[in-house]
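What follows is a single structure, written as structure tokens, with notes after it.
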Amino acid sequence: MRRIALVDANNFYVSCERLFQPTLEGRPVVVLSNNDGCAVARSPEAKALGIQMGQPYFQWKDRVRTRHIVVLSSNYTLYADLSRRFMGVLSQFSPLQEVYSIDESFLDLTATPGDPILLGQAIRQRVRQWVGLPVCVGMGPSKTLAKLCNHFAKKRREFAGVCDWASLSREHQQRLLQETPVGEVWGIGRQLCQKLETLGVRSVSDFLQQDPQWLRSRFGVLLARTQRELQGQSCLALEEVSPPKQQIQSSRSFGQPVTALADLREAVTLYTCRAAEKLRSAGQRAQLIEVSIRTSVFRPDPQYGRSIAVALAHPTDSTRELLAAALQGLREIYRDGFQYAKAGVRLSALSVQGTDTLDLFSRPEAGERETRLLQAVDTVNRRYGKGALAPGVAGLRNPRSWSMRQGTKSPAYTTSWAELPRVRA
DNA sequence: TCTGGGGTCCTAGGACCC
DNA sequence: TCTGGGGTCCTAGGACCC
């Protein structure tokens, strides 16, 4: 029987912030999404105050002062760096690792000797000591069961942060399945949960009793697979090497509504630069770029939103070529007289560099100067910060009138010499 | 007044083929 | 009046994840 572990950091963003501001321990802390829009991470104290995951800031803003909540803008540079260290520590426990997201990782511990619970505790302890983050460990014969056990490890005190499916008695397993709502299962989201509930399927145990054929025909192959995974049959492989991306996007909501085409051009330019940078660092090329703009979906007045895909003559990673296509697309979909709230670009039809089929008229050697130019731009931007070098159409104002709101962002403690934490004497 | 960003995969339906 | 069966490919939309 395989033993898959899922290691997941507790309130990851909040824990990262607390690491550098220990005075935040024990206090309600909330980290906001981009543009200071919604709550995306909450300390247990903030959860206890009833602030929901994803809840818009303005809906609970009045509680900030009365309940002394600490509100922080998200600091992805910091979180990404701590995530890298966290994953590094985990890799010491098994060579078979799948980094699943910024704050969680699967490990195949099948071949790792020793008592699983003690092993889980050792993982917790080492991550705590070496990186400073609190984590919980769930283990099971499939990824879905490992996820579910991680949920138990987090929510139920009796597990002390580590839950291994195989170490539980049959009765204990049954009780947990009966007591857990089906919506907690990985792969069962809001819509599916609602549909299942109207059919009388409320607990994970109910779900396991459904006829697989019926599940498959009614809900599709994914849910049937989820059921098998919960029965202990491993259907999802550990993906040690992440497959090449199929799309790369960059989009942002604006801090202020935007009406002028010139401002949208600035935004689309910056997003295209960012997407092209990601493309190059992945060693990929794109043959399709899609531009989208839209007004706020939350306003009652007439809305406008459109996207357009512009095909390129050949796969490219050149900011210049991608930008020309993006701005041409933007011209076609822009309509005067609307208050735009968001814009974005998406690159797709991606191929790995060097595997492209050249057309009759392409001259690969002509791209060499451009390649060197782009490498230089990427190097400068890595050293001097995002957007240090950008096309002129991006404009010179900074911050821009429409830049996203980030009212209370913490310093880049671990990635910028200028922002290193200082030790007070 | 104020509501994130970046991904993946599946399915249904239409166009088209023999 | 009555008009097959089986396949591929593409796209849009919808669901899921963190």
Side-chain angles (χ1 to χ4, degrees), chain A residues 6-13 30-41 51-62 64 71 73-76 79-80 83 98-106 143-144 147 150-151 182-196 216-226 229 235-236 239 242-257 267 271 274-275 278-279 282 288 290 292 294-301 303 306-307 309 311 339 341-350 403-407:
Chain A
L6 179 78
V7 188
D8 187 325
N10 305 346
N11 335 302
F12 181 58
Y13 298 167
V30 180
V31 175
L32 299 173
S33 65
N34 267 334
N35 217 20
D36 291 348
C38 313
V40 291
I51 296 165
Q52 301 298 311
M53 180 65 183
Q55 200 182 0
Y57 185 22
F58 71 89
Q59 287 180 5
W60 47 272
K61 219 170 189 169
D62 51 334
V64 170
V71 180
S73 303
S74 39
N75 183 347
Y76 289 106
Y79 312 150
S83 171
E98 174 186 339
V99 175
Y100 179 66
S101 75
I102 194 165
D103 75 329
E104 58 189 293
S105 176
F106 288 104
K143 283 175 150 184
T144 307
K147 280 282 250 185
N150 188 280
H151 170 78
V182 69
E184 298 294 345
V185 173
W186 188 39
I188 300 182
R190 261 229 323 270
Q191 308 293 326
L192 282 174
C193 184
Q194 238 171 38
K195 277 185 208 156
L196 286 168
R216 212 219 111 126
S217 62
R218 175 104 199 214
F219 295 98
V221 292
L222 292 180
L223 212 62
R225 189 177 66 189
T226 296
E229 280 253 315
C235 309
L236 296 166
E239 293 185 353
S242 49
K245 284 200 170 51
Q246 309 201 18
Q247 55 180 49
I248 290 174
Q249 42 181 319
S250 173
S251 64
R252 288 281 178 280
S253 295
F254 302 130
Q256 302 285 329
Y271 303 162
R274 210 168 291 154
K278 289 189 210 172
L279 187 68
L288 199 68
E290 195 178 324
S292 60
R294 64 164 171 79
T295 55
S296 169
V297 290
F298 300 102
R299 288 177 54 152
D301 45 348
Q303 298 303 305
R306 233 191 112 181
S307 70
Q339 300 223 309
K342 184 175 178 174
V345 303
R346 175 157 63 190
L347 307 177
S348 56
L350 305 185
S403 293
M404 68 177 172
R405 289 186 292 269
Q406 285 192 308

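Quick note on labels: first sequence line is chain A, next is B, and so on, each numbered from 1.
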Pairing residues for [X] by the side chain to side chain donor-acceptor pair (under 3.5 Å) criterion, not counting sequence neighbours:
X	result
Trp60(A)	none
Glu98(A)	Lys143(A)
Tyr79(A)	Glu17(A)
Gln52(A)	none

Exercise. So with a 6.0 Å cut-off around NZ of Lys245(A), is the heavy-atom count from everything else above 12?
Worked result: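 No.
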Problem set entry | More than 12 heavy atoms from other groups under 6.0 Å of CD on Gln303(A) |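 Yes, enclosed.
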Once salt bridge (Lys or Arg N to Asp or Glu O under 4.0 Å) is applied, do any residues pair with [X], and if so which ones, sequence neighbours excluded?
X	result
Glu104(A)	Lys147(A)
Arg346(A)	Glu290(A)
Arg299(A)	Asp301(A)
Asp8(A)	Lys154(A)

[atom1] of [X] versus [atom2] of [N]: gap in Å, rounded?
X	N	atom1	atom2	result
Tyr79(A)	dC18(C)	OH	C1'	15 Å
Gln246(A)	dT8(B)	CD	P	5 Å
Leu236(A)	dT8(B)	CG	P	16 Å
Gln191(A)	dA15(C)	CD	P	5 Å
Glu229(A)	dC17(C)	CD	P	14 Å
Leu347(A)	dG6(B)	CG	P	11 Å
Leu279(A)	dG6(B)	CG	P	15 Å
Glu184(A)	dC17(C)	CD	P	11 Å

Exercise. So what does the secondary structure string of DNA chain B come out as, 5' to 3', with Watson-Crick or wobble pairs under 3.5 angstrom, [ ] for crossing and | for pairs with another strand?
Worked result: ....||||||||||||||
With a non-hydrogen cut-off below 4.0 angstrom, is [X] in contact with a base, only sugar-phosphate, or nothing?
X	value
Ile188(A)	sugar-phosphate
Arg190(A)	sugar-phosphate
Val31(A)	nothing
Leu32(A)	nothing

Exercise. Looking at residues at least two apart in the chain, or sitting in another chain, which of them share a side-chain contact (heavy atoms from CB on, under 4.5 Å) with Cys193(A)?
Worked result: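 So Cys193(A) forms a side-chain contact (heavy atoms from CB on, under 4.5 Å) with Val182(A), Ile188(A), Glu197(A).
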For nucleotides 10-14 of chain B, which of its nitrogen or oxygen atoms have a protein nitrogen or oxygen under 3.5 Å away, and what is each distance?
unit_1, atom_1, unit_2, atom_2, d
dT11(B), OP1, Val221(A), N, 3.2

Exercise. Regarding Lys61(A) and the six-membered ring of Phe58(A), is the cationic atom NZ or CZ under 6.0 Å from the ring centre and inside 45° of its axis?
Worked result: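 No, Lys61(A) does not sit over the ring of Phe58(A).
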Just the atom pairs and distances: protein N or O near nucleotides 1-5 of chain B's N or O, under 3.5 Å.
unit_1, atom_1, unit_2, atom_2, d
dG4(B), O4', Ser33(A), OG, 2.9
dG5(B), OP1, Ser253(A), N, 2.3
dG5(B), OP2, Ser253(A), OG, 3.0
dG5(B), OP2, Lys342(A), NZ, 3.0
dG5(B), O3', Arg252(A), NH1, 3.1

Exercise. For dC18(C), does either OP1 or OP2 sit under 4.0 Å from a side-chain N or O belonging to Lys147(A)?
Worked result: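 True: Lys147(A) side-chain N/O within range (under 4.0 Å) of dC18(C) OP1/OP2.
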